[in-house]
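Reading through the structure tokens given below for one structure.
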Amino acid sequence: MALHLPPVYLLNFRLPTSEVLKLEREIGEPLVRDISEAKIVIGKVTRKSRAQLEFKSRGVHTEEVVHETDDYKAQKRRRIDEGKTREVITVDSSTESEPELDLDPKANSPGHSIKVLKLDWYFDSVKAGALLPTEKYLVYEGRIVEKPKAAPPEPRKLLRTESILSRARASTPPRIQSSYRHNPRRSHSPNIRSKTQPRLLHETTSEHDIADNLPPLPSYLKSPYSCERPTPAHSPNEAFIAQLQKLKHARKLDRDDRGISALAYSKAIAAIAAYPYTLTSAREISRLPHCGQRYVELYQEWKETGHIKEVDEIESDARMKSLKEFYEIFDVAEKTARQFYARGWRDLDDVISHGWDKLSPNQQIGVKFYDDFQEKIPREEVEKIAAVILKYANRIREGFHMVVVGGYRRGKDMSGDVDVILSHPDDDATDHVVEEIVWNLAEDKWITHRLTVSTTNSERGQEPVSWKGSMPKSAGGFCTLDKALVVWQDADQARNPDPKKKHNPRRRVDIILSPWKTAGCAIVGWTGGTMFERDLRKYCRHERGVKFDSTGVRRLSDGAWLDLEAGGGDLLAKEKKVFEGLGLEWRDPTERCTG
DNA sequence: AGGCAAATACTG
DNA sequence: CAGTAT
DNA sequence: GCCT
């Protein structure tokens, strides 16, 4: 192909990688890596907005070239006015940016216009053996402009006054831009319009520097571990996060990759949720750990259009709807949900009518109480349930301590279930009491079903001397961390119904018994959001050489049990000691909302 | 390009 | 062992 | 899907 192509940039959007590679090989020389260096951009794009988005997501800002003077002026004026409202960047007085002289389209400078063409232009040209006129293929023509930059948003007020952020801010010089802006060296990667600028202190010129004029990235957001960051329940970016949640959910349901891609979303979401400012630009999001190109694109699309196409598609997808309905049955997860769908079932009624006896006992419970379990539990009710459990525990033996963990402890108004941890300063008091507690609660009709009751978690490698002797029966263990997952119903109300209350929903309740010595670990292990817990384990393993779980902390090398909680008075003090012992800054439970 | 992703216990 | 749960 |  003897085509003499101008500098071309190939968009990979909606192109399979194989195709991209093929095209790249085929085009060869004229290909450029930086979109701003291109004269022509080709790709599977048909909409102007999409084309613009492709530029933005690469940090290049363009304005449409309209071949009509008046229009152009109007547009330009608007843009300048926008610029006026920013207090930022005075810089460009010295620069090019205003394309008064928009002739002279020197590549790589503002004013240089770039045409986005449908892929067919390329194919047809190859066929014709010559470059064809572009009109028929033109999707968008843009001219590079200085980035319109929003003023750094005010940090959102955090719920916790003692959060790291406020402390950091208190001890940080007031908004000196250079404190976060200057980025000596390496600010000149392939860069549009960077004619080396006067290096007046906080002057910047390069795209990067300008773009980097963003709120400072809180240092905790440099950590890849969500357990090292305060993550409040509410984020200034909740609306965007909600979109990501939907994508994550969809990945989980319809992709068989061991949840890996869903996990990627979880990580990104956890990072964004810890970001205390309202996002305003693509580059801003890409500073966050686990937020790569994918999230830049999603953010761009969402910001521009207020929608994410893929999310919309998911929401109107009937199969997804069915899978979701199945997935929400207790004891049905993604595999089973897909299996149900594959059998031709489409909703809960199908499950009941066609498959009731194929369900496991727990799944039957899940179906029976489907609606109840969907209902969220108000804090008040969580507290009542917990109080009943504690009463029954103390009836067996005085002196139990209890902490309600889970979402409740993270401050959620409504919980999906109730998780309580019980412990007792007397070592042997926690042994095998779950069964007894559950039995008694069941007898008094608080518990209607037991989903699982597990006992005996034996520990190894700890104080062999003492526990061997002191542990009477129970082959196995010194340290038992027993738990029961049960279906709960308010017995008071069952006995004499309050007419004001419509019904008496069943609740899922998790009762966990922890030995006193490691109760701090149990509390840590059952309080955090999912990502918090995963990252905590990962952090322990990789940064501290220990293995954390809710039964304790062990040295990786020899498995020796480490007592991090010695001398901690009550349960909460013990929890704090665990953080200390792991070299982690304390996080209030309400800052563990990593989802 | 390839490695990696938290850790365990229970049920059928 | 596969699947689900915490 | 991100990280090295």
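Labels below follow one simple rule: chain letters A, B, ... track the order of the sequence lines, proteins then strands, and each chain is numbered from 1.
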Below 3.5 Å, can you tabulate the donor-acceptor pairs from side chains in residues 236-245 of chain A to any protein atom, sequence neighbours excluded?
{"unit_1": "A/Asn237", "atom_1": "OD1", "unit_2": "A/Leu279", "atom_2": "N", "d": "2.8"}
{"unit_1": "A/Asn237", "atom_1": "ND2", "unit_2": "A/Tyr277", "atom_2": "O", "d": "2.8"}
{"unit_1": "A/Glu238", "atom_1": "OE2", "unit_2": "A/His234", "atom_2": "ND1", "d": "2.5"}

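- For the pair A/Arg258 and B/dC4, the criterion of a side-chain N or O lying under 4.0 Å from OP1 or OP2 is not met.
- Using cut-offs of 30° and 60° on the angle between ring planes, the pair A/Trp446 and A/Tyr392 is perpendicular.
- Counted by atom type alone, A/Arg409 and A/Thr527 present one or more donor-acceptor pairs between their side chains at under 3.5 Å.
- Counting heavy-atom neighbours within 6.0 Å of A/Lys324 NZ, excluding the residue itself, gives a total of 12 or less.
- The side chain of A/His542 sits closest to B/dA5 out of C/dT6, B/dA5, C/dA5.
- None of A/Thr551, A/Val553, A/Thr518 except one satisfies the side-chain contact (heavy atoms from CB on, under 4.5 Å) rule with A/Trp561; the exception is A/Thr518.
- Taking the C1' atom of each, D/dC3 and B/dA5 are spaced 11 Å apart, rounded to whole Å.
- The A/Arg541 side chain lies nearest to B/dA7 when the options are B/dA5, C/dG3, B/dA7.
- Across all strands shown, A/Pro224 has no heavy atoms under 4.0 Å from either base or sugar-phosphate atoms.
- Heavy atoms of A/Arg508 sit under 4.0 angstrom from primed sugar atoms or phosphate atoms, though from no base atom.
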Could you run down the sub-3.5 Å N/O contacts of the protein with nucleotides 2-4 of chain D?
{"unit_1": "D/dC2", "atom_1": "OP1", "unit_2": "A/Gly292", "atom_2": "N", "d": "3.2"}
{"unit_1": "D/dC3", "atom_1": "OP1", "unit_2": "A/His290", "atom_2": "N", "d": "2.7"}

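- Taking only side-chain atoms of A/Leu263, from C-beta outward, the nucleotide of B/dG12, C/dA5, B/dA5 with the closest atom is B/dA5.
- Classification of A/Glu297 and A/Lys303 as a salt-bridged pair fails, no side-chain N sitting under 4.0 Å from a carboxylate O.
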